[in-house]
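Residue numbering restarts at 1 for every chain, and letters A, B, ... go by the order of the sequence lines. Computed from a predicted structure; not experimentally measured.
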Protein chains: 2
Amino acid sequence: MTLDSETKAVELPEDHADELRLWLRLLTCTTLIEGEIRGRLRERFDVTLPRFDLMAQLDKAPDGMTLSDVSKRMMVSNGNVTGLVERLVESGHLDRRTSDTDRRVQVIRLTKLGRAEFRKMAAEHETWIADIFGELTEKDVRELMRLLAKTKGSAQKAVQRRQD
Amino acid sequence: MTLDSETKAVELPEDHADELRLWLRLLTCTTLIEGEIRGRLRERFDVTLPRFDLMAQLDKAPDGMTLSDVSKRMMVSNGNVTGLVERLVESGHLDRRTSDTDRRVQVIRLTKLGRAEFRKMAAEHETWIADIFGELTEKDVRELMRLLAKTKGSAQKAVQRRQD
DNA sequence: CCTAAACATTTTAGACTTAAAACAATTGGA
DNA sequence: TCCAATTGTTTTAAGTCTAAAATGTTTAGG
């Protein structure tokens, strides 16, 4: 508290250094972990992270997904998905067909090969994550989940505000 | 606690679903915020996020940095920095010179123009971050900082272990 | 029915990114 | 001194990514 709390109401050049540091730390953590996962995926399975992520989305959707769905879920651009899918169809991991009811829509799903390979990778991937977060207690994990959920909500509202 | 705590010592297929969810949430938060910042930088200043990040590093180093320093700080590959710097020198934001004492080393620093433009962007950038994290209390911020520091430490050790 | 708007995807152009190889310069022993 | 590792940077090849424009399809309102 300052002595003159009246000034708090006025639009002063506020200090947001803490939030800035928080953002940088969040970014550092993610970049560090992402790089580690990327490296292990390449080393162990010769697969890229985006390919793995796309397959992870499809593994959760046995009936397939449209490209738009994938794009929204992965939070990447449409054009990006087009290219990724192209390469995964080429390598035999994905099956792609035009929807029967709407000829604009492409439905993609994992092939047998794709699913089998993904499951193998996913099992190991999970142990890597456990290793990486190994020093956190159960309570730490719960608390982080809670705070990140709050952060996500706060950020989504900021996005919303800008789009108005 | 399970009834038979003896089994804890054995190597059982453990469940790491919580850590996995935590990782996905961390990634979602970062991607969401990164996308928002990227969009605002483009819209408001017609600049890309990597360019902004590089300039931010240099703003903190009035005497300049070597390309390796930048690469380590930004946690990106050497080749990546080479290209980024090329474009920023081209646009007049960066000055690049070979070190007097070691002809392998390139020292880069912000030009007057670069520094002026960065300062303008940074001021607004800080308000965006404040907006995005706006719903977090001071305590939330402190707690997140602490938990992310712990996460970073844990991840770094995992990276270290793999490199042995 | 027609057609303007909305929607799903692809294309385009350019930038970013990585890993690995190549190149250049320095350094630390033998 | 010499030269084998090390270090700093660039190059290469391939992939990832975005924003915006273009293409093709569906849908609704008149």
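- The pair B:Asp131-A:Arg161 meets the salt-bridge criterion, since a charged nitrogen lies less than 4.0 angstrom from a carboxylate oxygen.
- For A:Val76 and A:Arg103, each mapped to the nucleotide of DNA chain D holding its nearest heavy atom, the one lying further toward the 5' end belongs to A:Val76.
- Side-chain contact, A:Ser99 with A:Gln106: no donor N or O sits under 3.5 Å from an acceptor N or O.
- Between the side chains of A:Asp95 and A:Thr111, not a single donor N or O lies within less than 3.5 Å of an accepting N or O.
- When heavy atoms are screened at a 4.0 angstrom cut-off, A:Met74 is found touching no nucleic acid atom at all.
- Using a 4.5 Å heavy-atom cutoff, the side chains of A:Leu27 and B:Ile33 are not in contact.
- Taking a cutoff of 4.0 Å between a charged side-chain nitrogen and a carboxylate oxygen, A:Glu36 and A:Arg40 qualify as a salt bridge.
- Using a 4.0 Å cut-off between charged side-chain N and carboxylate O, B:Glu90 and B:Arg87 make no salt bridge.
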**OP:** Using a 4.0 Å cut-off on protein heavy atoms (strictly under), produce a 5'-to-3' string for nucleotides 7-16 of chain C with B for base contact, S for backbone-only sugar-phosphate contact, and - for none.
**Re:** BSBBB---SS
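- Close approach of DNA chain D to chain B, defined as any atom under 4.0 Å from a non-hydrogen atom of the protein, starts and stops at D:dT7 to D:dA19.
- Side-chain contact between B:Phe133 and A:Leu26: present, with at least one pair of heavy atoms (C-beta onward) separated by less than 4.5 Å.
- A salt bridge links B:Arg115 to B:Asp59: at least one charged side-chain nitrogen sits closer than 4.0 Å to a carboxylate oxygen.
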